[in-house]
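Only one structure is covered here, and it is reproduced in the block below.
The shown structure was predicted, so the numbers you read here are calculated from the model rather than taken from an experiment. In what follows, chains carry the letters A, B, and so on, assigned in the order in which the sequence lines appear, proteins first and then strands, with residues in each chain numbered from 1.
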There are 2 protein chains.
Amino acid sequence: MADLSIDVVAKAAGVHRSTVSRAFSRPEAVKSETREHILKVAEGLGYTMSPLAQALRTKTSTFVPLIVPDITNPFFAELAKTMTQAADERGYQLLLCVTNGDPAKTEGYFTAMQAMYAPFGIVAPSTKVDTDALKRFDFGHRVVVIDRVEGDSSVPTVTVDSRRGIVLALEHLRSLGHTSIGYVSGISGTHTAQDRMDAYLELSAEGSSTPLVLDSGSDPDAGARAAKHFLEMENPPTAIIAANDMVAFAVISALGQGGIRVPEDVSVMGFDGLALGSRFNPPLTTVRQPIADMGNIAIELAEKQNLNGSVDHVVLEPELLVRASTSGPRK
Amino acid sequence: MADLSIDVVAKAAGVHRSTVSRAFSRPEAVKSETREHILKVAEGLGYTMSPLAQALRTKTSTFVPLIVPDITNPFFAELAKTMTQAADERGYQLLLCVTNGDPAKTEGYFTAMQAMYAPFGIVAPSTKVDTDALKRFDFGHRVVVIDRVEGDSSVPTVTVDSRRGIVLALEHLRSLGHTSIGYVSGISGTHTAQDRMDAYLELSAEGSSTPLVLDSGSDPDAGARAAKHFLEMENPPTAIIAANDMVAFAVISALGQGGIRVPEDVSVMGFDGLALGSRFNPPLTTVRQPIADMGNIAIELAEKQNLNGSVDHVVLEPELLVRASTSGPRK
DNA sequence: CTGAAAGCGCTTACAG
DNA sequence: CTGAAAGCGCTTACAG
């Protein structure tokens, strides 16, 4: 495999390199016979264009970074999976960038993506996005955020209606006969997390049940603490809503270690709709976010903004997913 | 942010661009005063070199692809996480490439990486790697595989001692008093999967217990089928080893839906040591693979091969991780 | 419709 | 130790 460049194809096809370039990049600008001949020769040689050289020359590439805090979190993994495909279908190459929550890393990725001539990027944050900080980077002007954003409406966003999700959860639980419904935050950085909690607080008050937050921490041990709290209560709630599926898993696990069974002793719901939930013990009832849609829409929003500067804020509908972790209250 | 290039830095610093280049890439080749001056000017301007242009010119980059079948599988997610950091520390940028099991995609990544002048790559396969197919690509000669490999020992590999892991699992279960121990394959593509199964078959025969494979499929429903099988047996085993943690989750979930409790009614072990296992219900007893070590070593092996052509095959020791999904046999 | 030339942002022998 | 020149693999006005 000697180094194949546009010039060797040009020579082999008996044309000038600019014609080869056009045959690939602007096919309509070259006579069809010439084009077909060139393409055939190129194929025979096993030639493909160098994206590096193309990017350098045109100052635009097809690399689209997806910046996530933690790929080990199944929510982001599922997002990455669907976005890889969505990007592919549109001719982009998704570059997964994992920050592990380190803001310095995020900035590093921003300058790197700038240098790679990425046309735009997607960020799924773990904290409320500071749009001012974002815009200190050139690249920050071409980013869509998978969360709500405050104050500044100039960055495109896509989220799920958090309040509606909590309504769905509460309705489900109440229809089962629950009146005492607790909440475990478990996450707290994003607006999404905040919105879920706020909605719970507000809606349970409206429903004339007293809000009961078992834990509001945001570390991985929140689930365990919530379970401990539950076990120590005289009148524990008969159902629990967890701020997301991962927290629900942790709660159920810790509860189980304490001898409490789900859903026999207490119902537990999650929020996210992870595939993993269907194989949990018990399979998790949850509010599904349309993760695949979010990924597709994020890319569309980015393209739109890139094209004509339009900035959209899309809010998707969540959906109740009843599995086995909820049932009527005990007794 | 006007476009910053080496030439604008050169002008601002009053030197030739080649000197700027050296100040960054071969600092010892330039007088220290000059260098410091250049670096200061560059910093003031907010200049960093274009990795694209560098790669194009030197025909080598710092992009290191990690090719995995499915990022949604926590094993690969954890691998990706530790490898991102390992790569970073060595000055590489990990590029996550997800094939979704599509061989065509793998080939696509290979040619893309070739085009990106990646110095080498890491592949975590979902099937037995065909080294001949691998080597049809130039890039295939600079790849390390996270699995065993057959026949051809010219590609560096890193794995865990599968047999040893099964020994650990069997010993643990037997020490608890189990004599009837079933197995669920759940995965089957890789040598690793094969080796685990073979070891189980061989070692349970040696231990004079009859091997009992509840399911040998490799799809996501293997766990459910195994549970069904279990429920239909007259004399079901008192313990089950699952080929990996994800399968163990599915088995426990399906068993739970069938009214069987773990570990009260049957003990279940996994294999992998995923972080997720500690938050399963019940927390999963398993054989831990040193995933972080695997990642680090994979990169080291790649570097070594790249440097002096040496090819190593590293086999790591697994470790028993006792949590709550195993106990003595019932009654 | 095709070719010749200039240039994207770098590096590296080669002189001096 | 530093500069001038050629070139990595492309694209795109500009001619013809």
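- Residue-level contact check: Thr60(A) touches neither bases nor backbone, having no heavy atom under 4.0 Å from any strand.
- A donor-acceptor contact under 3.5 Å links the side chain of Arg22(B) to the base of dG3(D).
- Under the 4.5 Å side-chain criterion, counting only non-hydrogen atoms from C-beta, Val64(B) is not in contact with Leu66(B).
- The side chain of Lys59(A) contributes no N or O atom lying less than 4.0 Å from OP1 or OP2 of dT11(D).
- Here Ser5(A) lies in heavy-atom contact (under 4.0 Å) with sugar-phosphate atoms only.
- Using a 4.0 Å cut-off, some side-chain N or O of Tyr47(A) falls inside it from OP1 or OP2 of dC10(D).
- Where Val15(A) and Thr58(B) each meet DNA chain C at their nearest nucleotide, the meeting point lying more 5' is that of Val15(A).
- Of all the residues in residues 25-36 of chain B, Ala29(B), Val30(B), Lys31(B), Thr34(B) reach under 4.0 Å from DNA chain D with at least one non-hydrogen atom.
- Phosphate proximity of dT11(D) to Gln54(A): present, with a side-chain N or O under 4.0 Å from OP1 or OP2.
- Taking only side-chain atoms of Thr19(A), from C-beta outward, the nucleotide of dG9(C), dT2(C), dC8(D) with the closest atom is dT2(C).
- No more than 12 heavy-atom neighbours from other residues, nucleotides or ligands sit within 6.0 angstrom of CD on Glu33(B).
- DNA chain C contains the following stems of three or more consecutive Watson-Crick or G-U pairs, with both distances under 3.5 Å: C:1-3 with D:14-16, C:5-12 with D:5-12, C:14-16 with D:1-3.
- For the pair Met116(A) and Pro65(A), the minimum side-chain heavy-atom distance is 4.5 Å or more.
- Position along DNA chain D of the nearest nucleotide to Ile6(A) versus Arg57(B) favours Arg57(B) as the more 5'-ward residue.
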